[in-house]
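As structure tokens, the structure follows; a few thoughts come after it.
All heavy atoms count here, side chains included; hydrogens, waters and symmetry mates do not.
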Amino acid sequence: MLTALLLLWPALAALLVLLIKGPGAKKVAFVAALAEFALALVATSYFNIENGGIQLALSIPWVESAGIRFSIGMDGISLLMVLLTTFLVPLIVLSSFKHDYENPNAFYALILFMQTGLIGVFMALDAFLFYFFWEVALIPIYFIAALWGGENRIKVTFKFFVYTIFGSLFMLAAFVYLYLQTPGTHSSDLFAFYQLQLDASTQGWIFWFLFIAFAIKMPVFPFHTWQPDTYTESPTQATMLLSGIMLKMGIYGVLRWLLPVVPYGVSEWAEFVLIISIIGIVYASIIAIRQRDLKRLIAYSSIAHVGLIAAGIFTLNEQGLQGGVIQMLSHGINVVGLFFIIDIIFSRTKTREITSLGGITQNAKTLSIFFMILLLGSIALPLTNGFVGEFLLLSGVFQYNGWFGAVAGLTIILGAVYMLRMFQGVMFGPKSPVTEAFTDLTFNEKAVLIPLVIMVFWIGLFPGTFLSISEPAVGQLLSIINR
């Protein structure tokens, strides 16, 4: 029942928020999101971290005649993604308090509906249920971006929608085929898919059908072209949801539904995926260096970070997989914080152009400190959260191939270049006309940033807290892949 409540609570809260007119909607949404985080912590207290299998499971008939069940549960990887989602959503809601969005009840209800879809993706143990929640998470973010985005929002969100629907159809086709290969009356259960004995040729095309769907969502090169424009044109809260949580759906899909279901297909194409992921790291980093818009710069940096995560996961060794899981947490925390700081700067100056800014640190020392901490976490400074994940990921890639590891390691150097140049251009130097009267952080802004900064140091100083949760599940995943 706890997993069912964790799944359904945001949807029920969204229905309540829809009935509330005016600014009260945001307060109710924030309280509801905090309650969801509390439920996730309660679920964690019942979780046996030494058990690598599925826990807190619930399975009831859905389309019983077709062997489809409403089956949900969590292992260590799922739990970390649920904790990330429930931790970030209240902060994302709180970050919007300084904005007066039109039809706020619809805006916040869509955020909570999306949270239900995200939680469902991370807990689904049935292929068609997974697909259902995959689409449920897509619909709210489409409307948030299309209704409250920038002036080019319709064109950009349409491109995003076409990309993701295109990928979803590939995934659905693969699921239907796998479902039809299960014995008897057929089953779409995750573990029924794991037990299929498919030949290498079949696994090869299924691999690509699933990988395209997940690669678009992540996104990795060359499936990334929707991302920079969507991140830039969307309202900041939508950008935070997309970058902080939604892209983790793609990485999670690889871990849960790709690697263990078609291991022969993975072994055949893993090196190719590593190559395009590493190309994406270098490509996105170079493009980020040339950016002058703050939002687009962070968007391209996100592609580079996700490329490293994908490369580490497809090494199929423990370091790469553990690094991928912990880096999903770190990336979500860092990118949400950075996009929020960009939103703070834009709300005070009405520009995101680096060349139009400067000297902010003279008026906003507290903002400067938070900005620098999140930036250092993003470039993997030791003792911050980014270092743990990138160290494990690069160790995994080096273990797979030394040359691949050397090129992938450029992400640290190039990341430092574009991030520190951005910080210097925005925060140091003489003031510009738009930063002359810049004010420091408000109480609400500190309330968003302080938990994020705490997590930067918690993961960086005590990574075992989180690695111990995912380690048994990663070990079981490797045993299924290598069976």
*Is the CZ atom of F143 crowded by more than 12 outside heavy atoms at less than 6.0 Å?*
no
Across all chains, not counting sequence neighbours, the side chain to side chain donor-acceptor pair (under 3.5 Å) partners of S395 are none
Applied to residues 349-384, the ring-ring contact (aromatic ring centres under 6.0 Å, His included) test, sequence neighbours excluded, yields F371-F423
N/O donor-acceptor pair under 3.5 Å between R348 side chain and T439 backbone: yes
One should read off an interatomic distance between I77 CD1 and L321 CG, to the nearest 0.5 angstrom, of 7.5 Å
Q. Checking side chain to side chain contact (heavy atoms under 4.5 Å, CB included) for the pair I342/T239: CA distance, chi angles, key distance, verdict?
A. CA-CA 11 Å; I342 291 170; T239 305; over 6 Å; no
Side chain to side chain contact (heavy atoms under 4.5 Å, CB included) with M422: of I289, I298, V417, only one passes, and it is I298
For L308 and A408 the tightest heavy-atom approach is CD1-CB, 4.1 Å
| request: Say whether, by atom type as modelled, one donor and one acceptor occur between the side chain of T435 and the main chain of K431 under 3.5 angstrom. | output: no
- Between T361 (side chain) and M427 (backbone), is there a donor-acceptor pair under 3.5 Å? no
Sorted by chain and residue number, the side chain to side chain donor-acceptor pair (under 3.5 Å) partners of K446 (sequence neighbours excluded) come out as none
NZ (K26) and NZ (K98) are apart, to the nearest 0.5 Å, by 10.0 Å
Inset, instruction - Quick one: sort the F161 and Y142 rings into parallel, tilted or perpendicular, breaks at 30° and 60°. - result: tilted
For L247 and S302, the nearest pair of non-hydrogen atoms, with its separation, is CD2-OG, 3.7 Å
Using a 3.5 Å cut-off and no angle test, enumerate the donor-acceptor pairs between side-chain atoms of residues 33-42 and protein atoms at least two apart in sequence or in another chain.
none

Intermediate values then yes/no, side chain to side chain contact (heavy atoms under 4.5 Å, CB included), L338 and S378: CA-CA 9 Å; L338 289 171; S378 184; 4.1 Å; yes
Looking only at side chains, do N444 and T442 share a donor and an acceptor under 3.5 Å apart? no
Output for pair (M240 CE, I245 CD1), nearest 0.5 Å, gives 9.5 Å
With no hydrogens and no angle check, do the side chains of H99 and D343 hold a donor and an acceptor under 3.5 Å apart? yes
Taking CD in E353 as the centre, count heavy atoms belonging to other residues, nucleotides or ligands within less than 6.0 Å. Is the count above 12? yes
Contacts satisfying salt bridge (charged side-chain N to carboxylate O under 4.0 Å, His left out) that involve residues 75-88 (not counting sequence neighbours) are D75-R256
- Query: Taking atom types as modelled and ignoring hydrogens, do the side chains of T366 and D440 form a donor-acceptor contact shorter than 3.5 angstrom?
  - Reply: yes
Between S168 and E135, is any side-chain donor less than 3.5 angstrom from a side-chain acceptor?
-> yes
Quiz item: How about L329 and K248: do any of their side-chain heavy atoms sit closer than 4.5 Å?
Solution: no
Per side chain to side chain contact (heavy atoms under 4.5 Å, CB included), F340 is matched among L94, L91, V448, I92 by V448
Only distances under 3.5 Å count here; give the side-chain donor-acceptor pairs of residues 103-123 to other protein atoms, sequence neighbours excluded, each with its distance to 0.1 Å.
unit_1, atom_1, unit_2, atom_2, d
N105, ND2, L18, O, 3.0
Y108, OH, S96, OG, 2.7
T116, OG1, A11, N, 3.0

